[in-house]
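A short worksheet on the structure shown next.
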Amino acid sequence: MKIFNLLMVFIASSISVVAQNSNLEALPIATLKQQLSRHNADTTTIKLKIALGRVLLVKPGGGGFEIDSAMKFSADAEYLSRRIGYTKGIINAILLRALSYNKKNEPKAGLNSARQALAYSIKIMDSTGIAESYIVIGQHYSISKPEQLVKRMGYYRKASVIFRKTHNFYRLASSLQGDAEMLLLNRQHMEAIKMLFEAINVNKAIGNKSIQGIYWLIGRTLNELGDFPSALKYSLLAIKSAKAVNDTTLTVASINFTTSSIYTYMRDYKNALPYALKALEIAKHYKDSDYIFTISISAAFNYTRVNKLYNAMKLLRNVWQYAKNDADSLYVMTYFLGNLNHAKKYKQAALYAGEVTRLLKKIPPDNFNNRITAYNFLAFHYIETRQIKLAYQYADAYAAVVKSFNFPIGVRSVEIMYYKLDSLQGNYQSAIKHHLLAQGIKDSIDNVTKAYQVSLLQIENDTEKKNNDIDALTRAGQAKDDALKRTQLMQKAIIAASVLLAIITALIFSQYRLKQRTNRELEESQRELDQKNASLETMNTQQDKLLKEKEWLIKEVHHRVKNNLQMVTSLLSSQTTYLDNDAAILAVNDSLRRMQAMSMIHQKLYQDDSVSTIFMPEYIDELIHYLRDSFDDNHRIIFNQKIEQLSLGVTQAIPLGLIITESIVNSIKYAFLNSKAGIVNISLGQEGPDHLLLFIADNGTGLPEGIDKSPLNSLGLDLMQGLARQLKGTFQIENNNGVQIKIKFIHPEKTI
């Protein structure tokens with residue numbers, strides 16, 4: 001369900017994007033600015049200003065500066081258009097202002113501007129302006145409300161009719177795709193596919209090869225309808241089309257993710273995995289947390305199905321840091337449970353089953369997206385572990401959700417659950433009944449899929465015929481345009497030749513005198529510049545040399561500190577062989593462990609590029625591995641890490657490393673007695689605008705009743721409290737289904 005929601009978000013966002021209304025908008029911003037500098041107050045200038053403004057509005061990561069720039073281009077273009085009487089420029093400038101208001105989150109002002117453009121277009125009977133105004137007006141209706149979605153579709157439909165009638169195939173292709181995307185949101189699948197095929201043919205007719213988004217929408221829709229072979233065909237065409245035009249945007253991540261999902265539905269996990277990993281690579285490049293979160297979970301699912309449980313668990317532990325709330329945490333824990341169930345690691349799965357059950361209590365009852373997956377995996381876990389009562393409880397909960405949505409695949413899964421449960425209890429008559437119901441649902445789904453396949457073939461044939469008609473109209477329109485352009489070119493050439501002939505003689509003499517004067521000035525400027533460059537080059541060389549020497553000296557200091565700590569550690573370790581007092585040996589070993597935590601920091605400082613900060617996720621991961629290898633040989637304890645991408649200075653990294661060391665060692669020693677398995681959660685991240693929070697918790701035995709500070713030794717507790725004060729932070733330890741430690745301290749970037 002979360003995967004489906006991610007795809008819907010992508011569709012919704014693509015509808016909101018400002019559709020191109022000229023070929024100029026396909027050019028880079030730098031190219032548009034360069035061309036704009038060559039023109040002055042003519043129709044080309046107006047077109048370039050409007051194109052530049054629209055491109056800025058859809059620029060990834062754009063904000064207030066881009067919106068203000070687009071608004072200025074709109075005002076300039078409208079002023080120039082009214083001055084020279086260029087009506088199309090007036091319409092497009094007003095529409096650019098409407099789009100800028102929309103982007104600025106001022107929809108009322110945007111709607112007023114769009115209606116102003118529509119009224120002006122009707123007044124001068126400009127069909128293209130009317131259609132463009134319809135599209136911008138339609139964008140003011142929400143896609144999340146059915147009644148408003150229908151109104152939005154109506155405006156897009158009217159625009160498409162005008163573009164088709166006027167043979168404006170460039171804009172027709174764009175409006176058809178937008179209309180189809182809204183049909184998909186309205187669950188009108190076959191109507192959407194018909195429109196998408198028409199959009200493909202129109203794009204091909206005008207030579208536009210960037211049609212990967214349309215192929216992706218067709219493949220995603222057919223996947224949802226259960227026609228997996230056809231869905232795979234169009235998803236692979238989308239990938240091929242993206243490569244042909246060198247598309248590296250998040251659209252390619254969505255295409256690869258859909259391809260992976262299709263292979264997963266076909267149970268071809270080996271082929272599904274590479275596409276999921278490719279999608280994840282692109283999502284990480286753009287640092288899109290929603291994509292990373294969802295794609296990682298899907299990739300982990302496929303890893304487990306190809307017997308790579310270790311890779312799956314590692315991926316899930318890494319993605320936990322992207323969980324934004326309890327619902328996201330539940331989703332991650334649910335897939336820990338599901339993957340361990342599939343691998344038949346029921347003892348480890350039981351720990352996550354408990355976490356899933358606990359988190360379910362925090363999720364609102366109407367949050368079906370997260371609950372449906374949790375119910376499903378819990379039911380199958382308890383079926384496999386023969387816990388019949390709990391299995392029925394979650395099977396019934398899952399059944400209630402899928403039946404309320406009339407979700408055939410889910411209903412079939414419910415019947416399979418009941419079949420297994422009845423079989424376990426020897427109730428074979430009821431088991432056979434559920435088996436037959438499951439088979440009947442499968443047959444029904446297959447029949448629907450076959451019907452869709454027949455419809456798809458008919459659509460492909462019909463659109464091929466329409467494509468021939470579009471080609472003919474395109475060629476005829478192109479011939480007229482070419483003839484008109486030739487006539488206009490000849491007229492402009494005659495006028496230009498006459499003007500040039502009149503002024504060329506005067507310019508030659510003027511340029512000669514100007515060139516002489518300019519050459520003398522340039523020679524003098526060049527001499528001064530050469531002298532300054534020589535001085536700057538000498539200074540830069542000396543500065544670079546001093547900087548490299550400084551960095552080398554700092555790294556050498558850290559290297560020597562690390563070596564000295566290692567020498568002290570070796571001396572103390574040797575000393576323990578001569579001690580026969582257990583308390584003394586324990587004290588020495590505690591000191592060794594603390595010095596190792598500090599030594600690791602100095603080692604990273606002289607090995608990494610940075611000589612002043614420590615990358616905390618990497619340091620904490622290495623520290624936890626060191627402690628687990630030292631104290632937890634059997635790896636009976638699961639360490640979940642959720643460390644934000646932080647880099648801290650030595651003055652904060654060392655106290656944090658010592659606190660983590662003390663806390664984890666205490667958990668290993670005292671929280672899980674008699675070789676009991678357990679979970680230790682470690683997180684470090686932002687807490688409010690000015691603070692960071694270190695949180696360490698285990699689900700062990702907790703502190704003994706009535707005792708606040710045992711079984712922690714007084715030195716360890718005093719040390720953690722002292723280190724917290726050194727961080728200018730607060731220290732808190734309490735019982736809560738185990739021991740919880742919280743250290744809240746000021747973020748180093750917020751200190752003055």
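Surrounding OH of Tyr265 are at most 12 heavy atoms belonging to other residues, nucleotides or ligands under 6.0 Å away.
Looking only at side-chain heavy atoms (C-beta outward), Met153 and Gln148 stay at 4.5 Å or farther from each other. For the pair Lys233 and Phe228, the minimum side-chain heavy-atom distance is 4.5 Å or more. In this structure the side chain of Val252 reaches within 4.5 angstrom of the side chain of Asn256, judged on heavy atoms. Looking only at side-chain heavy atoms (C-beta outward), Tyr269 and Tyr303 stay at 4.5 Å or farther from each other. The shortest side-chain heavy-atom distance between Ile239 and Lys243 falls under the 4.5 Å cut-off. Using a 4.5 Å cut-off on side-chain heavy atoms (C-beta onward), Ser175 and Arg157 make no contact. No side-chain heavy atom of Leu149 sits less than 4.5 Å from a side-chain heavy atom of Lys145. At a threshold of 4.5 Å between non-hydrogen side-chain atoms, the residues Phe169 and Phe163 do not count as touching.
For the 3.5 Å distance criterion, the side chains of Thr249 and Asp247 qualify, holding a donor opposite an acceptor. Defined by atom type and a distance below 3.5 Å, a donor-acceptor pair is present between the side-chain atoms of Gln212 and Ser241. Between the side chains of Tyr291 and Ser254, at least one donor N or O lies within less than 3.5 Å of an accepting N or O. A donor atom on one side chain and an acceptor atom on the other are not found under 3.5 Å apart for Ser235 and Thr258. For the 3.5 Å distance criterion, the side chains of Thr45 and Asp42 qualify, holding a donor opposite an acceptor.
Salt bridge absent: Lys103 and Glu66 never bring a charged side-chain N and a carboxylate O closer than 4.0 Å. Glu198 has a carboxylate O that lies under 4.0 Å from a charged side-chain N of Arg164, or vice versa, which qualifies the two as a salt bridge. Ionic pairing of Lys72 and Asp68 is not present here: no N-O contact between side-chain nitrogen and carboxylate oxygen is shorter than 4.0 angstrom.
In this structure a side-chain-to-backbone donor-acceptor pair under 3.5 Å is missing from Glu78 to Ala75. The backbone N or O of Ile122 lies less than 3.5 Å from no partner atom in the side chain of Asp126, so there is not a single donor-acceptor pair. Under the 3.5 Å distance criterion, the side-chain polar atoms of Ser230 are left unmatched by any main-chain donor or acceptor of Asp227. Judged by distance alone, with hydrogens and angles left aside, the side-chain atoms of Asn92 form a donor-acceptor pair with the main-chain N or O of Lys88 at under 3.5 Å.
The ring-ring contact (aromatic ring centres under 6.0 Å, His included) check on Tyr215 picks up nothing, with sequence neighbours excluded. Residues satisfying the ring-ring contact (aromatic ring centres under 6.0 Å, His included) criterion with Phe73, sequence neighbours excluded, are absent altogether.
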Step-by-step salt bridge (Lys or Arg N to Asp or Glu O under 4.0 Å) determination, Lys158 to Asp179: CA-CA 10 Å; Lys158 289 196 290 186; Asp179 202 353; over 6 Å; no
Val161 and Tyr134: CA distance, side-chain angles, deciding distance, side-chain contact (heavy atoms from CB on, under 4.5 Å) verdict: CA-CA 11 Å; Val161 169; Tyr134 281 150; over 6 Å; no
Test side-chain contact (heavy atoms from CB on, under 4.5 Å) applied to Gln139 and Tyr156, step by step: CA-CA 9 Å; Gln139 290 178 1; Tyr156 270 73; 3.5 Å; yes
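A cation-pi arrangement is absent between Arg82 and Tyr79 under the rule of less than 6.0 angstrom and at most 45 degrees off the ring axis.
Considering every non-hydrogen atom in both Ala70 and Gly53, the closest pair reads CB-O, 3.5 Å.
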